[in-house]
J.: 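Here it is: the structure, laid out below.
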2 protein chains.
Amino acid sequence: MPRKPKERASRAATLHDVAAQVGVSAITVSRALNTPERVSEAVRERILAAVDALGYVPNRSARTLVSSRSQTVVVLIPSLSNTVFIDTLAGINDVLDPHHYQILIGNTGYDDAREERLLRTYLSHAPDGILLTGLRQSDGMRTWLDKLHIPVVHMMGLDPQAQRYCVGFSQQAAGAALTQHLLQRGYRNVAFFGARLDERVMQRAAGYRQALQEAGIYREDLEWLTPEHSGIGLGASMIAKALQQRPEIDAVFCCNDDLALGVLTYCQRNGIAVPQRLAVAGFNDLDGAAWATPTLTTIRTPRYDIGHAAASMLLDLMSGNTPAEPMQDLSFTLQAREST
Amino acid sequence: MPRKPKERASRAATLHDVAAQVGVSAITVSRALNTPERVSEAVRERILAAVDALGYVPNRSARTLVSSRSQTVVVLIPSLSNTVFIDTLAGINDVLDPHHYQILIGNTGYDDAREERLLRTYLSHAPDGILLTGLRQSDGMRTWLDKLHIPVVHMMGLDPQAQRYCVGFSQQAAGAALTQHLLQRGYRNVAFFGARLDERVMQRAAGYRQALQEAGIYREDLEWLTPEHSGIGLGASMIAKALQQRPEIDAVFCCNDDLALGVLTYCQRNGIAVPQRLAVAGFNDLDGAAWATPTLTTIRTPRYDIGHAAASMLLDLMSGNTPAEPMQDLSFTLQAREST
DNA sequence: GATACGGATGTTAACGTTAACAGCCACCCA
DNA sequence: TGGGTGGCTGTTAACGTTAACATCCGTATC
């Protein structure tokens with residue numbers, strides 16, 4: 001014998017409840033809500049009234065199950081406390097919300113293993129599409145995703161082999177451009193401060209090295225890299241240590257604005273003249289950069305646009321189209337300010 | 001005649017696929033994954049191998065549908081770009097993740113109508129519990145939620161009538177405490193800068209008024225309130241305007257740290273001595289407050305703990321318990337620093 | 001050696017919705 | 001007046017999973 005009917009004190013109203021109240025069949029209620037033009041106006045109005053009265057909310061699980069379309073997109077980002085990714089999310093949301101896609105945000109914490117675990121969990125929602133940050137995902141994950149035939153677009157970076165859909169800009173080119181700017185300004189002992197050391201930071205570092213090597217003045221001992229989480233305090237302590245170990249440095253390229261603001265704070269408190277004694281540059285152009293004293297030279301990154309374009313591309317893929325351009329380079333802008 | 005079987009080129013593996021490969025029934029596979037101790041070791045191992053080989057991912061919709069438990073919690077917050085709520089989310093996540101609850105984040109954008117719309121959408125996921133920011137939700141929404149019997153916990157504020165589950169602190173008491181601090185320091189013409197004007201900002205303003213009225217020196221014309229979005233730039237422009245209109249002000253209570261940092265920046269650039277000519281105080285104690293020049297006096301808010309405690313309370317409610325204390329006041333701390 | 005017990009596995013139905021097709025009926029046109 | 005047309009509504013089954021029993025079989029018990 002099958003299980004007993006539930007004896008819940010109360011349960012959420014279903015299509016059948018609404019249908020019973022109005023005196024029609026469930027499918028008619030479904031149509032009244034999803035394809036109103038296929039239901040006569042009189043019936044539709046009575047249905048909508050009943051829906052309101054009963055507080056009916058459609059059950060997404062049932063719909064997903066039967067229609068095999070979840071209207072859901074999974075977005076994995078490394079951090080929620082980094083404005084960069086929040087801005088990206090805003091771009092994504094602005095594209096997907098009008099199309100009634102639900103966004104499931106996964107926070108990987110810059111941890112590859114956790115990213116894989118998260119993705120696996122989120123796949124159980126049967127998403128219609130996936131947005132990933134970076135291109136570092138393991139081969140295992142790749143073949144696994146391929147098996148499921150769910151469209152995937154990568155954000156922030158570019159695929160050197162152009163084999164995956166991606167929207168971003170060359171972190172390395174940006175790193176090189178900022179370094180060249182410092183060289184043009186006459187600085188010769190340019191340090192690099194890197195924290196967290198994720199994919200993007202290492203690419204910026206590569207750009208820094210490339211620029212200095214081309215100028216023939218690259219020195220390995222002017223790089224300070226730490227896996228610690230970035231922050232203003234960390235920037236301050238890094239510059240303190242760096243100036244002690246290598247007093248000859250006359251410029252610092254910080255892998256992000258937080259570190260750079262910490263460096264500026266330290267300089268201000270210790271009477272180090274910026275940009276005369278020390279030039280300081282950051283990366284991302286966060287809100288604080290233009291308001292620091294002195295104002296901070298940095299790279300403006302098109303993060304909102306990346307989210308927007310990536311979501312648009314995903315939308316395209318989800319409707320079965322093949323985007324004309326599988327790789328979109330949205331570039332970056334050098335914001336030269338007082339600190340250099 | 002019913003619909004034709006689908007002719008998908010490929011589909012995600014199901015329990016039946018795994019079962020067929022191993023030569024057992026679907027329910028055994030289900031048990032091997034959910035209650036492994038109820039399946040013999042030999043069979044379990046073969047099942048896990050097949051799961052791996054086929055890349056099987058359980059279908060959450062089907063599970064939710066049949067078990068009427070979605071293992072999902074909806075969290076509505078006003079903004080993703082405000083560190084306060086991100087910290088709260090971290091606390092929530094740290095509690096719910098170990099219990100394998102999925103978190104659905106909804107961003108209301110400080111908009112009550114949007115909040116109601118979002119909630120309705122998210123209810124279609126049949127969440128097991130809901131976390132809301134603030135207590136401002138409309139009566140309509142309340143009765144509606146009551147009807148569904150889904151546990152709800154409110155965060156950040158306290159319910160004066162103690163009729164709802166909530167975890168937070170008294171924004172008004174915090175506002176009063178900070179204002180009293182300024183009075184103790186000898187300031188007499190204390191201005192209030194408010195932006196965005198959400199529930200919490202208005203409560204802080206109420207605390208500010210209360211403290212000044214008690215001291216008998218409240219002046220309505222020292223309040224600058226704007227619905228604009230908060231930010232460093234806004235703080236700078238507000239202080240410029242305020243000093244022009246009411247040069248006698250000798251202290252500013254900013255409704256959040258962003259505005260206060262803007263005020264500090266303006267003072268620094270215009271040679272206004274802080275705290276001699278003008279005292280500046282913020283609210284929240286964000287990362288930047290301790291690194292500003294001068295360091296910023298502010299209220300440290302227990303936002304991580306609020307998320308943590310609210311999620312714990314919700315967990316309790318979701319397992320059918322009644323929390324001993326339906327209202328948790330986590331209080332706040334005054335961080336007196338150089339700027340006052 | 002019959003009986004009870006319990007661990008392992010299976011069978012059936014149900015969750016709430018929508019796809020696919022099947023009526024039904026009013027209306028129009030020849 | 002008969003046949004076709006089109007708008008509206010209904011019937012049935014299916015999506016993938018789990019709850020609730022049912023069954024089987026080996027082992028312990030007296």
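Residue numbering restarts at 1 for every chain, and letters A, B, ... go by the order of the sequence lines.
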J.: So, OP1 or OP2 of D/dC15: does either fall under 4.0 Å of a side-chain N or O from A/Ser68?
T.: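 Checking D/dC15 against A/Ser68, no side-chain N or O comes under 4.0 Å of OP1 or OP2.
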
J.: Does A/Ser67 make a side-chain N or O approach to OP1 or OP2 of D/dC15 shorter than 4.0 Å?
T.: no

J.: What integer distance in Å separates A/Glu37:CD from D/dT9:P?
T.: 13 Å

J.: For B/Glu41 and B/Ala62, find the nucleotide of DNA chain C closest to each by heavy atoms; which residue's nucleotide sits nearer the 5' end?
T.: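 The 5'-side residue here is B/Glu41.
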
J.: Could you give the CZ-to-C1' distance, from B/Arg63 to C/dG16, as a whole number of Å?
T.: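 Answer to the nearest Å: 18 Å.
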
J.: Looking at every heavy atom in both A/Val167 and A/Ala310, which two are closest together, and how far apart are they?
T.: CG2-CA, 3.7 Å

J.: Might you point out which heavy atoms bring A/Glu115 and A/Gln137 nearest each other, and give the distance in Å?
T.: OE2-NE2, 3.1 Å

J.: Specify the separation, in whole Å, of atom CG of B/Asn59 and atom P of C/dC15.
T.: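 Computing the B/Asn59:CG to C/dC15:P distance gives 18 Å.
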
J.: What pair of heavy atoms forms the shortest contact from B/Ala53 to A/Lys147, and how long is it?
T.: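 Taking every non-hydrogen atom into account, O-NZ, 3.4 Å.
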
J.: Quick one: closest heavy-atom pair of B/Leu148 and A/Ala12, and the distance?
T.: CD2-CB, 4.0 Å

J.: How many whole angstroms separate atom CZ of B/Arg69 from atom P of D/dT18?
T.: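 Distance, rounded to whole Å: 13 Å.
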
J.: Does C/dT18 have its OP1 or OP2 closer than 4.0 Å to a side-chain nitrogen or oxygen of A/Asn34?
T.: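 Yes, within the criterion.
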
J.: Would you mind telling me which of A/Leu145, A/Leu135, A/Val152, A/Leu158 makes a side-chain contact (heavy atoms from CB on, under 4.5 Å) with A/Arg164?
T.: A/Leu135

J.: Rounded to whole angstroms, how far apart are CG on A/Leu65 and C1' on D/dT18?
T.: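 Rounded to whole Å, this separation is 12 Å.
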
J.: Would you mind reading off the distance between B/Arg44 atom CZ and C/dT9 atom C1', rounded to a whole angstrom?
T.: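 The distance from CZ of B/Arg44 to C1' of C/dT9 comes to 14 Å, rounded to the nearest Å.
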
J.: For DNA chain C, find the residues of residues 14-28 of chain A with a heavy-atom distance under 4.0 Å and give them by number; none if there aren't any.
T.: A/Thr14, A/Leu15, A/His16, A/Ile27

J.: Check every atom of C/dC15, C/dT17, C/dA20 against the side chain of B/Val66 and return the nucleotide holding the closest atom.
T.: C/dC15

J.: Locate the shortest heavy-atom distance separating B/Thr133 from B/Ile77; write the atom from each residue and the value.
T.: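 Taking B/Thr133 first and B/Ile77 second, the nearest heavy atoms are OG1-CA, 3.5 Å.
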
J.: Rounded to the nearest Å, what distance is computed from the CD1 atom of residue B/Ile47 to the P atom of nucleotide D/dT17?
T.: 13 Å

J.: B/Arg38 or B/Pro58: which one's nearest nucleotide on DNA chain D is closer to the 5' end?
T.: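 The residue mapped nearer the 5' terminus is B/Pro58.
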
J.: Calculate the interatomic distance between A/Arg31 atom CZ and D/dT11 atom P; express it in whole Å.
T.: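 For the pair A/Arg31 CZ and D/dT11 P, the rounded distance is 11 Å.
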
J.: With a 4.0 Å cut-off on heavy atoms, is B/Arg60 in touch with a base, just the backbone sugar-phosphate, or nothing at all?
T.: nothing

J.: Is the shortest side-chain N/O distance from B/Ser40 to OP1 or OP2 of C/dT9 below 4.0 Å?
T.: yes

J.: Name the residue from A/Thr83, A/Asp87, A/Asn82 that meets the side chain to side chain donor-acceptor pair (under 3.5 Å) definition with A/Arg303.
T.: A/Asp87

